[in-house]
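No experiment lies behind these values; they were computed from the predicted model shown.
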Amino acid sequence: MYEFLEGKFEEVTPSFVVVNCNGVGYMVEISLTSYSELKEKKEGKIYTHFSVREDAQTLYGFATSRERELFRHLITVSGIGANTARMMLSSLGVDELVRAIVNEDSSSINKVKGIGTKTSQRVIVDLHDKLKKWEFDEKDSSIASVSDNKNRTEALLALQTLGFNKVIIEKTLDKLLKDNNTMSVENLVREALRRM
């Protein structure tokens, strides 16, 4: 129904962005992968996927059409809903996830919260042939930046939005920042998702 939204970004957080399109504000759920692309921008285009369920109507947004296409592939897999697909994209990123599927690396997919061995194998079986023609970056696309309390706060908010317990999140983030206090918000959330 909605192909994309273009306008001013009223608010950009690790879990959603509010796009002002001619005076109408659309709240769009995003992944950490999209957040890393959008966080410095004041306006732009977001590719969208509109999801309708009995209890909710949700707009999911993506910084690139490639990420949206991968999201749409993921939600065709039995047992993978929109929120799980978003968490997969937040935990691994587009290239890392495509690489894991194409290389049949189920252990990397298993690191995502809520993804067990059977589900990761189903993702590989269902999507391997569809994604093997995709090009992907062989290098890790992690982005490093100077960390401060704001990064911890944003990571905490993103993880709470995904449904984690605040006390557990805070302990995990504190351990991560103790080991490396220069982690970006995206890397904090990715590592916390792997550890929790």
Euclidean distance, [Y] [atom2] relative to [X] [atom1], rounded to 0.5 Å:
{"X": "F16", "Y": "M27", "atom1": "CZ", "atom2": "CE", "answer": "4.5 Å"}
{"X": "I169", "Y": "L162", "atom1": "CD1", "atom2": "CG", "answer": "8.5 Å"}
{"X": "F62", "Y": "I30", "atom1": "CZ", "atom2": "CD1", "answer": "10.0 Å"}
{"X": "S91", "Y": "L32", "atom1": "OG", "atom2": "CG", "answer": "8.0 Å"}
{"X": "K8", "Y": "K42", "atom1": "NZ", "atom2": "NZ", "answer": "9.0 Å"}
{"X": "R195", "Y": "K111", "atom1": "CZ", "atom2": "NZ", "answer": "11.5 Å"}

- Applying side chain to side chain contact (heavy atoms under 4.5 Å, CB included), run through M88 and L74 and close with a yes or a no. CA-CA 9 Å; M88 292 174 79; L74 289 169; 3.9 Å; yes
- Mind checking what makes side chain to side chain contact (heavy atoms under 4.5 Å, CB included) contact with V125, not counting sequence neighbours? none
- Message: Restricting to side chain to side chain contact (heavy atoms under 4.5 Å, CB included), what partner residues turn up for A192, sequence neighbours left out?
- Response: L159, T172, L173, L176, M196
- Task: Evaluate whether atom CG of D179 has more than 12 neighbouring non-hydrogen atoms of other residues, nucleotides or ligands under 6.0 angstrom away.
- Result: yes
Closest approach of [X] to [Y] (non-hydrogen atoms, all atoms of both residues):
{"X": "N151", "Y": "S184", "value": "ND2-CA, 3.9 Å"}
{"X": "G61", "Y": "I46", "value": "CA-CG2, 3.5 Å"}
{"X": "G7", "Y": "V19", "value": "N-CG1, 4.0 Å"}
{"X": "V28", "Y": "Y60", "value": "CG1-C, 3.6 Å"}
{"X": "L92", "Y": "R194", "value": "CD2-NH2, 3.6 Å"}

- Single-linkage hydrophobic cluster V18~L38, side-chain heavy atoms < 4.5 angstrom: no
- Message: Hydrophobic cluster membership, with links at side-chain heavy-atom distances under 4.5 Å among I/L/V/M/F/W/Y: are L157 and L188 in one?
- Response: no
- Query: Considering the options E11, E10, E43, which one meets the side chain to side chain donor-acceptor pair (under 3.5 Å) requirement together with N20?
  - Reply: E10
May I ask you to test the [X]-[Y] pair for a side-chain heavy-atom distance under 4.5 Å?
{"X": "S15", "Y": "R86", "result": "yes"}
{"X": "L156", "Y": "E170", "result": "yes"}
{"X": "V189", "Y": "S90", "result": "no"}
{"X": "V123", "Y": "I115", "result": "no"}
{"X": "Q57", "Y": "S51", "result": "no"}
{"X": "I101", "Y": "H73", "result": "no"}
{"X": "L193", "Y": "F164", "result": "yes"}
{"X": "M183", "Y": "N180", "result": "yes"}

- Hey, mind stepping through C21 and E6 against side chain to side chain contact (heavy atoms under 4.5 Å, CB included) and telling me if it holds? CA-CA 6 Å; C21 297; E6 190 167 10; 5.8 Å; no
- Message: What verdict does the side chain to side chain contact (heavy atoms under 4.5 Å, CB included) test give for L131 and L70, after you've listed the backbone C-alpha separation in whole Å, the side-chain angles of each residue and the deciding distance to 0.1 Å?
- Response: CA-CA 9 Å; L131 300 181; L70 181 55; 3.8 Å; yes
Verify the distance criterion only: is there a donor paired with an acceptor across the side chains of [X] and [Y] at less than 3.5 Å?
{"X": "S31", "Y": "E67", "value": "yes"}
{"X": "R190", "Y": "T33", "value": "yes"}
{"X": "S107", "Y": "D105", "value": "yes"}

- Message: Whether K39 engages the ring of F9 as a cation-pi pair (distance to the six-membered ring centre under 6.0 angstrom, angle to the ring normal within 45°) should be assessed.
- Response: no
- Assess whether side chain to side chain contact (heavy atoms under 4.5 Å, CB included) is satisfied between I109 and T119, documenting all intermediate values. CA-CA 9 Å; I109 300 170; T119 306; over 6 Å; no
- Task: Determine which pairs satisfy ring pair (Phe, Tyr, Trp, His ring centres under 6.0 Å) with at least one residue from residues 38-57, sequence neighbours left out, and list them in order.
- Result: Y2-F50, H49-F71
- Electrostatic pair K130:E69 at N-O distance under 4.0 angstrom: no
- Query: Can D95 and R66 be counted as an ion pair, charged N to O under 4.0 angstrom?
  - Reply: yes
